Chemist: 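Just passing along the structure, written as structure tokens.
Just so we're on the same page: letters track the sequence lines, and every chain starts at 1. Note that the structure is predicted; figures quoted are calculated from it, not measured.
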Number of protein chains: 2
Amino acid sequence: MVPTFKFYLTGFMNININDVAKLSNVSKATVSAVINNKVGVSEETREKVQGIIRKFNYRPSQVARSLSIKKTKTIGIVIKEIDNPYFARIMRGVFDICSNEGYTVLLGSSELSVSKEVKSLETLVSQRVDGLLVSGLHEESSDSAFISNLIRSNYPLVMLGGIKNFNTNVVTVNNVDAAYNAVTFLLKNGHKKIGYFSGPTNSLQNDDRKEGYRRAFADNDISFQKKYIYDVGSYLGEGYQHGKEIFSSSADKPTAVFCYNDLVAIGLINSLLDLQIRVPEDVAVVGFDDIDFAKYAKTPLTTIHNPAYEVGVAAAELLIKQINQKEKPLTEKVVLDTYLIKRNSA
Amino acid sequence: MVPTFKFYLTGFMNININDVAKLSNVSKATVSAVINNKVGVSEETREKVQGIIRKFNYRPSQVARSLSIKKTKTIGIVIKEIDNPYFARIMRGVFDICSNEGYTVLLGSSELSVSKEVKSLETLVSQRVDGLLVSGLHEESSDSAFISNLIRSNYPLVMLGGIKNFNTNVVTVNNVDAAYNAVTFLLKNGHKKIGYFSGPTNSLQNDDRKEGYRRAFADNDISFQKKYIYDVGSYLGEGYQHGKEIFSSSADKPTAVFCYNDLVAIGLINSLLDLQIRVPEDVAVVGFDDIDFAKYAKTPLTTIHNPAYEVGVAAAELLIKQINQKEKPLTEKVVLDTYLIKRNSA
DNA sequence: TATTGTTTCTGAACCGGTTCAGTGTGCTGT
DNA sequence: ACAGCACACTGAACCGGTTCAGAAACAATA
């Protein structure tokens, strides 16, 4: 009658609410009430049940619970470049909030192909995550019927850095202004030929930064030259490689470069130093993000401080708010501030 | 009769297997067969059902499925220092394998308190992850009844870097040998006073590296001095700060330092340069991990190449193997090789 | 004593899938 | 014409929780 054998037979975690109910001589409804600290259970019964729970190491199945209450207490996150320190820091912010609020985090694909990216979102939805945090969706992905369905149907969703063509919740920083400030700073320092090491072409963040770069020229009555915009990418190696190519050729070269992010900037600086070009005397470099490593780079990096941790926090908070919202949620946009940190590279 | 209204009413993803069954005029068992590509369904029926599925954007609930089949196709991962590039790289390896094998990844706590660490594991178990990947458990956590239960009961579990007092599956690198090689290299270069910037004291990896450091002295008939072992930590800032303290004091200082990891080494190098101490002429520095930044550091870092990505891959593969193993699994130990990369810092 | 009220507890339905024994249909061979 | 057999399909139980109407037990009130 008492299913003790089951425990000893199959080991840890193989006892369920029915077993607990039988062992405690109460109904499973009562056990459920005890588990969830509901009122209407006598102290005596509560203790009896809790004793059994402890004794048999019972741990309620979150999956059964999820099925029943139609909430999984889980959010899905799709981040490209998880090994980019900037995103790692965001993750940390997300994670801290989720932890506090009792959510666990399901990780979706990182930078795979577009088709895999959509698959990954589909998987997360199949897992019935309560909400989705998405960073850097491929542009093409936004064409997928799946994604537009998702957004149209008010599935709780927060984008990091924004996405074209869709009106969703967004957490981002003032990329345009930040870039504007960085480039203005260079202009004020007398630079006229300022390059932009551009990030991924399908990134909205990159578009905004490029826009800020453009505006700085406009507002300072300096005609900006398209040839100084280089498609580079977002990795250390890419910054290094493009730096080497551009600055070892004899063509007309910029005297300063604003970079999409710190990784690229650090790569660039290394390529310049390898080419015996001095930083900042010959070429000034400004990065973006202010990752930890920025101040330890060969030439400590002048860069835009990007509050990655806070972005993660804000995104998680907004998402959880959207999840808890009963009504059709309004789409919100949270924009955090950045500031220029002057170090040695410019 | 036809519950179409439901779809239009509640939006995306609110249709279930019963609805699909009704809309297709078949039983839910048949729908289930179609979803899972089982045989015994006529081509005609299959297409009819698939048509409905597409039309209504039906996506089976993984949570209901999990409850039924008692597998979640999910693994849990608990990693401290997710913003450490070394671990980020591991994550990537884990992720790639899991992706391929159809597993999603649930993230557990990062470096919180001991009690939270155990809580985090408990949460993952409640979520019924099929297996657990754990890195850098606090030493105290291993005392918890929960953890020993977990291990005793053969819950599929793989540790990264090992854990004291328990016999579990482990994926790690040959830390002792690697440290031995690094220190031997320094000894061969004529250094006698070699320091060790030690990592977290509760880390088995750190113990092994320290052991390798010790043995190198023993095998070279040089008496090693305990005073050259400094408790530092695992972060950039910690390396910098301790470097500053140690090398600005007038006491007897080492002429070379082997560091627990690259982050610490880079921090140390920066502190040395700030103190006008030349690297490697005055003090040689060797790191551990070979993170991307290592070669872009102020003094390109001589370090132990640690195959982080491969560690992640091996860990995920081992875990999935354990999950699929019907019998009581044997505990396995996978040890990957490292090698010394000579750059400029030593 | 009968009635009402409170508190504690329970039975059964439900969440959305999977599974499998068994039903029904059509085709084969004799 | 009928046994025998595939094949396609279904009904119902099951996974492990939550929920809630109502039963049972007991106390208080009229």
Chemist: Salt-bridge test for E332(A) and K321(A): reply yes if a basic N is under 4.0 Å from a carboxylate O, no otherwise.
Modeler: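 Salt bridge present between E332(A) and K321(A).
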Chemist: Rounded to whole Å, please give me the gap between CD1 in I17(A) and P in dA13(C).
Modeler: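 So the CD1-P distance, I17(A) to dA13(C), works out to 18 Å.
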Chemist: Which one, dG17(C), dT10(D), dG16(D), comes nearest to the side chain of T30(B)?
Modeler: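 Closest nucleotide among those given: dT10(D).
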Chemist: Starting at atom CG of N18(B), determine the distance to atom P of dG17(C), rounded to an integer number of angstrom.
Modeler: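 Interatomic distance, CG of N18(B) to P of dG17(C): 8 Å.
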Chemist: Relative to the 5' end of DNA chain D, which residue comes earlier, Q62(A) or T45(B), by the nucleotide with the nearest heavy atom?
Modeler: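 The residue whose closest nucleotide sits nearer the 5' end is T45(B).
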Chemist: Will you find, in the side chains of T72(A) and D130(A), an N or O donor that is under 3.5 Å from an N or O acceptor?
Modeler: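 Their side chains do contain a donor-acceptor pair, which is all the 3.5 Å distance test asks for.
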Chemist: Between the base of dG16(D) and the side chain of K28(A), is one N or O donor paired with an acceptor at under 3.5 angstrom?
Modeler: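 Between dG16(D) and K28(A), which were checked side chain against base, a qualifying N/O pair under 3.5 Å is absent.
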Chemist: Starting at atom NZ of K73(A), determine the distance to atom P of dC15(C), rounded to an integer number of angstrom.
Modeler: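 Going from NZ in K73(A) over to P in dC15(C) covers 22 Å.
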Chemist: On DNA chain D, nearest-nucleotide positions of I69(A) versus R46(B): which is more 5'?
Modeler: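 Its nucleotide being nearer the 5' end, the pick is R46(B).
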Chemist: For residues R46(B) and K38(B), report the shortest heavy-atom separation together with the two atoms involved.
Modeler: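 In this case the closest contact between R46(B) and K38(B) is NH2-O, 2.8 Å.
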Chemist: Whole-Å distance between dG16(D) P and Q127(B) CD?
Modeler: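 One finds 16 Å between P of dG16(D) and CD of Q127(B), rounded.
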Chemist: Does any donor-acceptor pair link the side chain of S61(A) with the base of dG16(D) at a separation under 3.5 Å?
Modeler: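 Flag unset: no donor-acceptor pair detected.
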Chemist: Between atom CG in L67(A) and atom P in dT19(D), what is the gap in whole Å?
Modeler: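 These atoms are roughly 12 Å apart.
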Chemist: Please report the interatomic distance CD(E47(A)) to CD(E43(A)), rounded to the nearest 0.5 Å.
Modeler: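 Going from the CD atom of E47(A) to the CD atom of E43(A) covers 5.0 Å.
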